[in-house]
Protein chains: 4
Amino acid sequence: MTTSPPRGRPRSSAADAAILDATRDLLASGGWNALTVEGVAARAGVAKTTVYRRFASRTDLAVAVLDDLLDATRAALDATTDPNVAVRDAIRACAEAYRSPAARGAYLAVIAAADHDPALREAVDARVVDQARRLVMRGLGLLLEQGGTTAVGAAAVIETDLLLDLVAGTLVHRMLVRGQEVDDEFIDQLAAAALAAVRAAGA
Amino acid sequence: MTTSPPRGRPRSSAADAAILDATRDLLASGGWNALTVEGVAARAGVAKTTVYRRFASRTDLAVAVLDDLLDATRAALDATTDPNVAVRDAIRACAEAYRSPAARGAYLAVIAAADHDPALREAVDARVVDQARRLVMRGLGLLLEQGGTTAVGAAAVIETDLLLDLVAGTLVHRMLVRGQEVDDEFIDQLAAAALAAVRAAGA
Amino acid sequence: MTTSPPRGRPRSSAADAAILDATRDLLASGGWNALTVEGVAARAGVAKTTVYRRFASRTDLAVAVLDDLLDATRAALDATTDPNVAVRDAIRACAEAYRSPAARGAYLAVIAAADHDPALREAVDARVVDQARRLVMRGLGLLLEQGGTTAVGAAAVIETDLLLDLVAGTLVHRMLVRGQEVDDEFIDQLAAAALAAVRAAGA
Amino acid sequence: MTTSPPRGRPRSSAADAAILDATRDLLASGGWNALTVEGVAARAGVAKTTVYRRFASRTDLAVAVLDDLLDATRAALDATTDPNVAVRDAIRACAEAYRSPAARGAYLAVIAAADHDPALREAVDARVVDQARRLVMRGLGLLLEQGGTTAVGAAAVIETDLLLDLVAGTLVHRMLVRGQEVDDEFIDQLAAAALAAVRAAGA
DNA sequence: AGGTAAACGAGACGGTACGTCTCGTCTTGCT
DNA sequence: AGCAAGACGAGACGTACCGTCTCGTTTACCT
């Protein structure tokens, strides 16, 4: 099966961009409730059909925006070989993402919707959660490379996912559930706690 | 300042109960999207006005149900003086709450709505988050009572809220964000990680 | 069967007056649509039950107000023995009634409601239309008394009700249906037309 | 200034018809109170929005139906050159309109609403009253053409509108206000009275 | 003086309809 | 084909009044 040769008028990439921008704006300014297909179309200066041709629902719109925002986050990471720095970087990157008003609005709404929608859950896991997982795994990987026997033992015991839940979950609870800011001190504390958990698991 | 004497026909407590039940049912069966004021009124056998007289929005309904479910959770806790048991109990109680289909639907939706609504955020903090906070503080309190110098030192350093974010956040991420189940093994691991974090902070 | 002696607290005549006043005001200011039992109660400073104890519907309220206003009109008539003056007086009295904003609002609404409500129709005929009929009959009576053979012949032919419809109907159409004012010239023209019709019928 | 070319999906004329039919039916069966936008939509098998896209209120619906019914009446008139026949025809046509249950319900209700709504008053005058005016003017016109000096003199004095009020008002009062039927005898009497009034004015 | 019966204010109750909003689908004509 | 425009059936929104009901509180008359 080959890609069928494009027939008729090709899709407008300007519309693509306008739709995503409009979605981001609406999410940032009024949260999930403010995100309506009708509103997106109006703000993007595009017909409703043009939106529906690309996204089946506002949830899809939110996922697309979320994906977009997280991609930007990933690119901003420095390379490092120090596990402590890597962990701190991972935390900081996640925190950065949860600070974006658009992402805040989209994140929990998408998660909530995923509770009754297996396909969406899978998409979230692959495109949103996995982003955090990669960051955490980088830190854990460095820990394993450079650490001695203890760290290796830790790796045998602690599951990557626990560490993921620990780091990402703590940030989600702090920032999204409780609406608190995170500063460098908190990041240090969280990093210390995470490393302690790893070491404890290895003992 | 005293409460003014009730005038006019008193509110029907039967309606109160029917509305909460209906809300719980709808949340459990279809999640946040299935929760409509109209649906609640119909299922509760009550007029829409009767719902609106008590709750200003479906968000309010969700908060009430959440509050209700968490109250039930609290009551189910055994008394203990062992900090390890207390921590495990706290985790188990939170996990239990996040397993309820009604609570799952309500929780993140309410959190998402709170992002653009300071009053709601406050309500969530006072009535939902605080429930978890109390559970965590009980464990930490026992730790302080029974622990030696190390634990006391820990108390001076670690903030209750970090521990709260660590425990509740990890569970939220595992169960709600990622949709995974938690078993006893996971609870043990999380408890160990939390204690390790406390000890590390005290060092 | 005698009227049972009144037991319990007697009705408040202050409430009676307040309700009628409120009804009149609402009708005058916003017409039939503005007349709600709830609004009347609020404006009269009275509980809804107090209104419903006296009037079964807003239609009843309107009839009461109409009745009240027409009574006032009747009282204002001068005695005369000149048929021409009597006819002019009748027209003028009716016109006066249709000028009152409250009466305007009530009149057509009540008539409209009567179309599907025989009991109301009867009440309207007895309490509203009959008022105009009496005025017209007075003029016709004087005409008969003073007129010669021609007028007597007219009386045998023309029905009182035709004259009633002619006079009252013309005013209703001019003032209520078309919303025009009536001046003395119009009253003269209408009087002349009415008398011509009577004479023609007698010919 | 030209009418802009129609864009988007054109309005469904089937819906137009269904809405008018439903309105007519509801008015005929239950009068003004039975006319609800919700009911019209349901009976027409149409969404509420589809009704609101065409009519801003149930008053508008009633006006449209009234307009429609009167148009039908106009078409049913025979051509004649006899002024007496023309006057009788005009009366008969008006009477016919006021016999329709749908028109009865709509007529006075619309008039009542117009009392506080200048725009509606104008619409009523242009679309409902004017229909009767045309009928009356036809009779008066023939009278002028065929009559001698007397009739011409009459035309100089009597206003068309007085004749309109006289004829239409008498019918309205007889049929709608008092709820009486009109037979041929009444029509003859009314025609005679109207002609007498014209002649009297010309004298 | 005390009891009884009705009116009173307040306001909750089950309803109905309102007019608005957004949904996701479907024409229509233009590009 | 894609696209802008906009009508369509559907259905929830939050509000306004409906007419009824339950309260606790007066206010009269009648023992």
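Computed from a predicted model, the values in this text were never measured in an experiment. Labels below follow one simple rule: chain letters A, B, ... track the order of the sequence lines, proteins then strands, and each chain is numbered from 1. Basis for what follows: all heavy atoms, side chains included, without hydrogens, waters or symmetry-related copies.
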Qualifying residues under salt bridge (Lys or Arg N to Asp or Glu O under 4.0 Å), relative to [X], sequence neighbours excluded:
| X | value |
| --- | --- |
| A/Asp117 | none |
| C/Glu38 | C/Lys48 |
| A/Asp25 | A/Arg43 |

Self-check item: Residues D/Asp16 and D/Arg54 bridged, charged N to O under 4.0 Å
Solution: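 Yes.
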Practice problem: Quick one: list whatever passes side chain to side chain contact (heavy atoms under 4.5 Å, CB included) with B/Asn33, sequence neighbours left out. | Solution: none
Quiz prompt | By side chain to side chain contact (heavy atoms under 4.5 Å, CB included) - contacts of C/Arg9 (at least two apart) | solution =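 Side chain to side chain contact (heavy atoms under 4.5 Å, CB included) list for C/Arg9, sorted by chain: empty.
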Whole Å only: how far is the [atom1] atom of [X] from the [atom2] atom of [N]?
| X | N | atom1 | atom2 | result |
| --- | --- | --- | --- | --- |
| D/Phe55 | E/dC18 | CZ | C1' | 18 Å |
| B/Asn33 | E/dT22 | CG | P | 16 Å |
| C/Leu61 | F/dC18 | CG | C1' | 13 Å |

Quiz prompt | Residues that C/Arg104 engages under side chain to side chain donor-acceptor pair (under 3.5 Å), provided they are two or more places apart | solution =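 D/Asp115.
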Self-check item: Listed partners of B/Asp125 passing side chain to side chain donor-acceptor pair (under 3.5 Å), at least two apart
Solution: none
Exercise. Mind listing the residues from residues 101-115 of chain C sitting with a heavy atom below 4.0 Å of DNA chain E? Number order is fine.
Key: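 Going residue by residue through residues 101-115 of chain C, none turns out to have a heavy atom under 4.0 Å of DNA chain E.
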Quiz item: Where along nucleotides 4-13 of chain F does protein come under 4.0 Å, by heavy atom, of base (B) or sugar-phosphate alone (S), with - for untouched nucleotides?
Solution: BBBBBBB-BB
